[in-house]
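Taking it in order: structure first as structure tokens, then the write-up.
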Amino acid sequence: MKQEHKACYGTMFHDTLHIDTNHAMKGKVFSFEVDSKGLGVSGRLVKTDIAEWDDCLACPEFEHCYKLCMARLALEAAVASR
């Protein structure tokens, strides 16, 4: 039986494999930006939306949603390192 989830389920972080340089990559809670002025990276910024984090903490699906988000980040890191 397929379980229904909230629309935001599994979206705490933005996809880290597809980055648009010089643009905010926003997940529900965490966002980042990789800045470039030419060939190299000139800056990196990571932000946390505390109001969205509080919303996630209050959600009954938080524990398994968080686990899904972390598993996806681990897989993205493994793919990116190859």
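Keep in mind that what you see is a predicted model, and the values were worked out from it rather than measured. Note that the numbering runs from 1 along the sequence shown for the chain.
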Mutual orientation of the aromatic rings belonging to Tyr9 and His64 [parallel < 30°, tilted 30-60°, perpendicular > 60°]: tilted

Side chains of Lys28 and Lys6 in contact at under 4.5 Å (non-hydrogen atoms): no

same_hphob_cluster(Val46, Val34) at 4.5 Å side-chain heavy-atom cutoff: yes

Distance-minimising heavy-atom pair for His5 and Glu61: ND1-OE2, 2.5 Å

Cluster check Ile50, Phe62: I/L/V/M/F/W/Y, side chain < 4.5 angstrom: no

Shared hydrophobic cluster, Leu75 / Phe13 (ILVMFWY, side-chain heavy atoms < 4.5 Å): no

For Asp15 against Arg72, the heavy-atom pair lying closest together: N-NH2, 3.5 Å

Over all atoms of both residues, closest heavy-atom pair of Gly10 and Cys65: N-SG, 3.2 Å

Asp35 to Thr21 - nearest heavy-atom pair and separation: C-CG2, 4.0 Å

Atom pair CD1/CZ of Ile19 and Phe32 - distance to nearest 0.5 Å: 4.0 Å

Joint hydrophobic cluster, Leu73 plus Val29, side-chain heavy atoms closer than 4.5 Å: yes

Single-linkage hydrophobic cluster, 4.5 Å side-chain cutoff, Phe30 and Leu57 together: yes

